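Working notes, structure below.
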Amino acid sequence: MRTPRGDHRTDIADRTGGVDVIDGLDWELIAARYWDRRPVLIRLADAPERHPFRPDDVFASAVAATAANAAGEIPKHVRFAVDRDLKSRPDGWLPRAGDGSLDGYAHRLAERLAGRRYSLTVQAFHAFHPALWRRERAFYDGAFRRFGLPLSSAITTMFHGNYEHTQIGAHKDRFASFMFALQGRKRMRFWPERPWTEAVTSVLDYERYLPGSFAVEVHPGEMLYWPSSYHHVGESALDETPATSVNVGLPREFTRSAFEVAEYLTEPTPESMLSEEMETAGLPALAGPAWAPADPIDGASVVGELPPALAQAVDFFRSGIDEHSLNEWVATLSLRRWTAGGFFPSPPPAPHRALDDEATVTLPVDEPVRWHDTGAARIVAACGHTTRTTLDAHTLSRLLTGLRTSGGGTRTGTLLDRLPTAAREDARHLLEDLSRFHALHHS
C-alpha cells in the first residue's frame with residue numbers, strides 16, 4: 001500500500017481493502033494523490049466539529065424529506081423497500097418525529113418487520129435542513145476552492161437500513177463520491193472497471209463478479225472517497241444493526257445535457273432534481289398536441305403553422321430572449337449558484353416574520369451575501385435565494401457593512417437609523433428576506 005506524503009499516517013487493516021487511510025481532511029493531499037485516481041479513507045473522528053452530518057440533524061432532515069406528497073404517496077426523491085419490495089405509499093414505513101432518532105425509527109421497524117430487511121434512500125437530502133445544508137456547504141468550500149464550483153449541483157443522498165445491498169445494485173455514477181458513515185457498519189465494494197459485459201448499467205445479483213472486487217468497511221467518523229470511474233455497490237447487512245450513511249456526489253461526467261439545461265430553465269426542487277421528469281419540471285403544461293393534423297380541416301391550410309405545443313415552446317423561449325430579461329436571469333442564476341455554494345436547491349425560505357426595531361440581527365461572517373445592480377433595482381442573494389430591493393447601491397452597501405461589523409449582533413432599529421429615512425422600510429423588508437433565507441439570525 002502506498003504511503004501518503006507529509007505527516008498523514010496510514011494503517012493496514014483487513015477492512016480497508018488495501019486503500020490508503022489518512023488522518024484529517026487535507027484537500028491538497030486529496031487533489032495531489034487521489035482525485036479522479038483512486039479511493040481513499042479519511043478519518044474525521046479527531047475533528048468532529050468539521051463533520052457536516054450530525055445524527056440529530058440527519059434524523060430531522062429525514063423526517064422532513066420523507067413527508068408524503070400531495071397525492072399521499074412516497075415522494076419521488078425517496079425510495080423505501082422491504083427486502084426488494086419497493087413501496088409506493090408511506091403506510092408507517094418512513095421516519096416520524098415521534099421516533100425521536102434514527103435508532104428509535106430502526107427499533108420501530110424492527111418490531112414490525114420481524115427479521116425482514118429494509119432500506120431507505122433519500123436524494124436531494126441537503127434541501128431539507130438549513131443547519132445541515134450550511135455545514136455541508138462550509139465543509140466543501142475547501143474542495144470547491146481547489147477543484148472549482150460545479151455548474152450542476154452536487155448531490156446529497158442518505159442511506160439507512162439493514163439491507164443486503166443498495167437498491168440499484170452494482171453500478172457506476174457520474175459523480176465523484178464521498179461517503180460519511182454515521183451509524184452501524186457500512187461496506188463499499190468496488191470494481192476499477194465494469195465487471196460485466198451485458199448491455200446494462202447496473203446489476204443486482206453480482207456474486208459472480210466478487211473475485212474481481214475489493215471492499216472497504218467504513219466506520220462512524222470516517223469519510224470514504226472514490227472517483228466516478230469506479231463501479232461500486234453499498235453493503236449494509238454486516239450484522240443486524242441498521243447502518244446510516246450520507247453520500248455527497250460532485251459531478252465529474254456530463255453524459256446528459258438535460259440535467260444541466262433543465263436547471264437553467266426552471267427552478268429545481270427535490271422532487272425534480274433526480275426524477276425522470278426533471279427535464280420538464282416547472283415548464284408550462286402543453287397547450288395542445290405537438291403534431292400537425294394529417295389532413296387539412298375544412299379545407300383550411302396548415303402550411304406555415306406550428307402545432308400548438310411547438311408554438312407555445314417558441315413563445316416560452318422567445319420571452320427570455322430580450323437582452324434585459326436575459327441579463328437579469330443570468331445574474332439571478334449566478335447569484336443563487338454562488339451563494340448556494342454548490343448545493344442547490346437550498347432549503348426553502350422560512351415563513352415571513354416581521355422584524356421590529358428591538359429585534360437583534362446577526363449575519364455570520366462566513367455567510368456570503370451577493371448582489372447585482374440591474375439599474376432599476378438591485379438583486380440580492382443569500383443561501384441560494386434571491387430578492388429585489390430598490391435600495392440604491394450606496395445604501396445597500398452601508399446596510400450590509402453594518403451587519404458585518406456588528407459583531408455579536410445589533411438592534412434592527414440601530415441599523416436602520418444609520419440609513420436615510422426614505423430607505424428604512426425597504427431596508428427592513430430586505431432584512432426580513434435575508435432572515436427568511438436562513439442567512440440572517442435574529443432574536
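Computed from a prediction, not measured in an experiment: that's the story for all the values here.
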Give the C-alpha distance, both sets of side-chain angles, the deciding distance and a yes or no for side-chain contact (heavy atoms from CB on, under 4.5 Å) between Leu363 and Leu434. CA-CA 9 Å; Leu363 182 65; Leu434 293 177; 5.6 Å; no

Within the structure provided, determine whether [X] and [Y] are in side-chain contact (heavy-atom separation under 4.5 Å).
| X | Y | result |
| --- | --- | --- |
| Lys172 | Arg194 | no |
| Phe59 | Asp56 | no |
| Pro347 | Arg134 | no |

Apply salt bridge (Lys or Arg N to Asp or Glu O under 4.0 Å) to Asp433 and Arg436, showing your working. CA-CA 5 Å; Asp433 280 341; Arg436 291 178 58 239; 3.4 Å; yes

Is the ring pair [X]/[Y] parallel, tilted or perpendicular, if the boundaries are 30 and 60 degrees?
| X | Y | result |
| --- | --- | --- |
| Phe53 | Phe180 | perpendicular |
| Trp27 | Phe178 | perpendicular |
| Phe190 | Tyr230 | perpendicular |

Got a sec, which residues hit side-chain contact (heavy atoms from CB on, under 4.5 Å) with Ala71, two or more places apart in sequence or on another chain?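 Once residues adjacent in sequence are excluded, the partners of Ala71 under the side-chain contact (heavy atoms from CB on, under 4.5 Å) criterion are Asn69, Glu73.
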
His429: side-chain contact (heavy atoms from CB on, under 4.5 Å) partners, not counting sequence neighbours: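 Per chain and number, His429 pairs via side-chain contact (heavy atoms from CB on, under 4.5 Å) with Glu425, Asp426, Glu432.
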
Below 4.0 angstrom, N of the basic side chain to O of the carboxylate: do Arg137 and Asp141 qualify? no

SB check Arg116 Asp83 (cutoff 4.0 Å):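 Judged by the 4.0 Å cut-off on N to carboxylate O distance, Arg116 and Asp83 do not form a salt bridge.
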
Test side-chain contact (heavy atoms from CB on, under 4.5 Å) on Met179 and His232; report intermediate values, then the result. CA-CA 12 Å; Met179 190 192 82; His232 59 277; over 6 Å; no

Between Asp373 and Arg378, is a salt bridge (Lys or Arg N to Asp or Glu O under 4.0 Å) present by the stated rule, with each step listed? CA-CA 5 Å; Asp373 195 337; Arg378 265 54 59 201; 3.1 Å; yes

Distance (rounded to the nearest 0.5 Å) between Phe128 CZ and Ser61 OG: 7.0 Å

What distance do Lys186 atom NZ and Glu222 atom CD have between them, rounded to the nearest 0.5 Å? 13.5 Å

Is the distance between the ring centroids of His231 and Trp196 under 6.0 Å? yes

Using the ring centroid of each side chain, check whether Tyr118 and His160 are separated by less than 6.0 Å.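 Under 6.0 Å, so yes.
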
Looking at Thr244 and Leu102, what are the two nearest heavy atoms and their distance?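 Closest approach of Thr244 to Leu102, heavy atoms only: CG2-CD1, 3.7 Å.
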
Minimum heavy-atom distance Trp191-Tyr209, with the two atoms named: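 The pair with the smallest heavy-atom distance is NE1-O, 2.8 Å.
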
Verdict with supporting geometry, Thr201 and His171, side-chain contact (heavy atoms from CB on, under 4.5 Å): CA-CA 6 Å; Thr201 57; His171 65 287; over 6 Å; no

